[in-house]
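What follows is a set of notes on a single structure, which appears directly below.
Along the sequence shown, residues are numbered consecutively beginning with 1.
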Amino acid sequence: QVQLVESGGGLVQTGDSLRLSCAASGRTFSSYYMGWFRQAPGKEREFVAAISWSGASTSHADSVKGRFTVSRDNAKNTVYLQMNSLKPEDTAVYYCAARVAGLAYKIYEYPYWGQGTQVTVSS
């Protein structure tokens with residue numbers, strides 16, 4: 001089992017950048033595939049990005065492709081989401097999630113979740 005804690009959210013302006021971090025407990029972090037999701041007010045939670053256990057494979061939602069980048073540092077038990085050129089529509093609570101095998105894009109495919117960190121982008 002793995003525990004996840006997100007950090008790095010905040011209030012920024014359109015065009016700004018933020019880097020979210022997700023720190024994981026446990027000695028087997030490097031074996032987990034990780035995902036980032038977000039949930040805006042009144043909307044369903046949606047996939048943002050995913051990364052393989054080694055970091056060699058990544059996937060990003062079309063809405064963030066070219067602006068957001070997922071990465072990880074297994075020595076630090078941390079996965080990151082670098083967010084550039086932020087837009088008001090990126091405002092949401094951002095969650096990281098973990099699963100044992102394979103890149104995945106659906107909420108139900110991830111058994112482990114963090115509590116989320118709020119990102120607010122003002123226009």
Side-chain angles (χ1 to χ4, degrees):
Q1 192 167 350
V2 62
Q3 282 78 45
L4 306 171
V5 179
E6 302 94 336
S7 62
L11 172 63
V12 297
Q13 296 184 334
T14 298
D16 284 351
S17 298
L18 273 178
R19 188 177 77 160
L20 304 183
S21 298
C22 174
S25 65
R27 294 176 294 176
T28 59
F29 171 74
S30 60
S31 64
Y32 287 92
Y33 287 69
M34 303 297 295
W36 283 98
F37 291 76
R38 67 185 181 185
Q39 187 166 17
K43 296 188 177 181
E44 294 186 352
R45 194 170 299 188
E46 64 177 4
F47 169 77
V48 175
I51 188 167
S52 63
W53 66 271
S54 67
S57 296
T58 62
S59 180
H60 298 79
D62 287 343
S63 59
V64 306
K65 203 169 291 184
R67 299 188 299 122
F68 292 11
T69 303
V70 61
S71 63
R72 67 191 295 162
D73 185 340
N74 287 340
K76 295 183 178 180
N77 280 14
T78 302
V79 63
Y80 304 99
L81 185 67
Q82 179 66 44
M83 306 187 295
N84 299 328
S85 302
L86 283 160
K87 306 174 182 179
E89 50 264 45
D90 295 318
T91 295
V93 177
Y94 284 72
Y95 299 89
C96 69
R99 69 192 306 266
V100 173
L103 287 179
Y105 316 98
K106 304 295 185 182
I107 296 170
Y108 65 82
E109 295 179 292
Y110 287 85
Y112 307 110
W113 290 83
Q115 294 300 306
T117 185
Q118 176 71 48
V119 172
T120 303
V121 185
S122 64
S123 57

Check for a donor-acceptor pair, side chain of Thr91 on one end and backbone N or O of Val121 on the other, with a separation under 3.5 Å. yes
Exactly one candidate in Asp90, Leu20, Thr69, Val48 meets side-chain contact (heavy atoms from CB on, under 4.5 Å) with Met83; the answer is Leu20
Hey, can you tell me if Phe37 and Tyr110 have their rings parallel, tilted or perpendicular (30° and 60° cut-offs)? perpendicular
If you measure from the Lys or Arg side-chain nitrogens to the Asp or Glu carboxylate oxygens, is any gap between Asp62 and Lys65 under 4.0 Å? yes
Are there over 12 heavy-atom neighbours, none belonging to Glu89, within less than 6.0 Å of that residue's CD? yes
If you draw the axis of the six-membered ring of Tyr80, does the NZ or CZ of Arg19 fall within 45° of it and under 6.0 Å from the ring centre? yes
Using the rule given for side chain to side chain contact (heavy atoms under 4.5 Å, CB included), can you reason through Lys76 versus Ser21, listing the C-alpha separation, both sets of side-chain angles and the distance that settles it, and then say yes or no? CA-CA 11 Å; Lys76 295 183 178 180; Ser21 298; over 6 Å; no
Which residues pass the side-chain hydrogen bond (donor to acceptor under 3.5 Å, both in side chains) test with Gln13, sequence neighbours left out? none
With side chain to side chain contact (heavy atoms under 4.5 Å, CB included) as the test, would you mind laying out the steps for Leu4 and Met34 before giving the verdict? CA-CA 10 Å; Leu4 306 171; Met34 303 297 295; 3.9 Å; yes
Min side-chain heavy-atom separation Cys22-Trp36 under 4.5 Å: yes
Once the angle between the rings of Tyr94 and Phe68 is folded into 0 to 90°, is it parallel (under 30°), tilted (30 to 60°) or perpendicular (over 60°)? tilted
Residues Glu6 and Thr117: side-chain donor-acceptor under 3.5 angstrom: no
Residue set satisfying salt bridge (Lys or Arg N to Asp or Glu O under 4.0 Å) with Glu109, at least two apart, ordered chain then number -> none
For Thr120, check side-chain hydrogen bond (donor to acceptor under 3.5 Å, both in side chains) against everything at least two apart and list the hits. Gln118
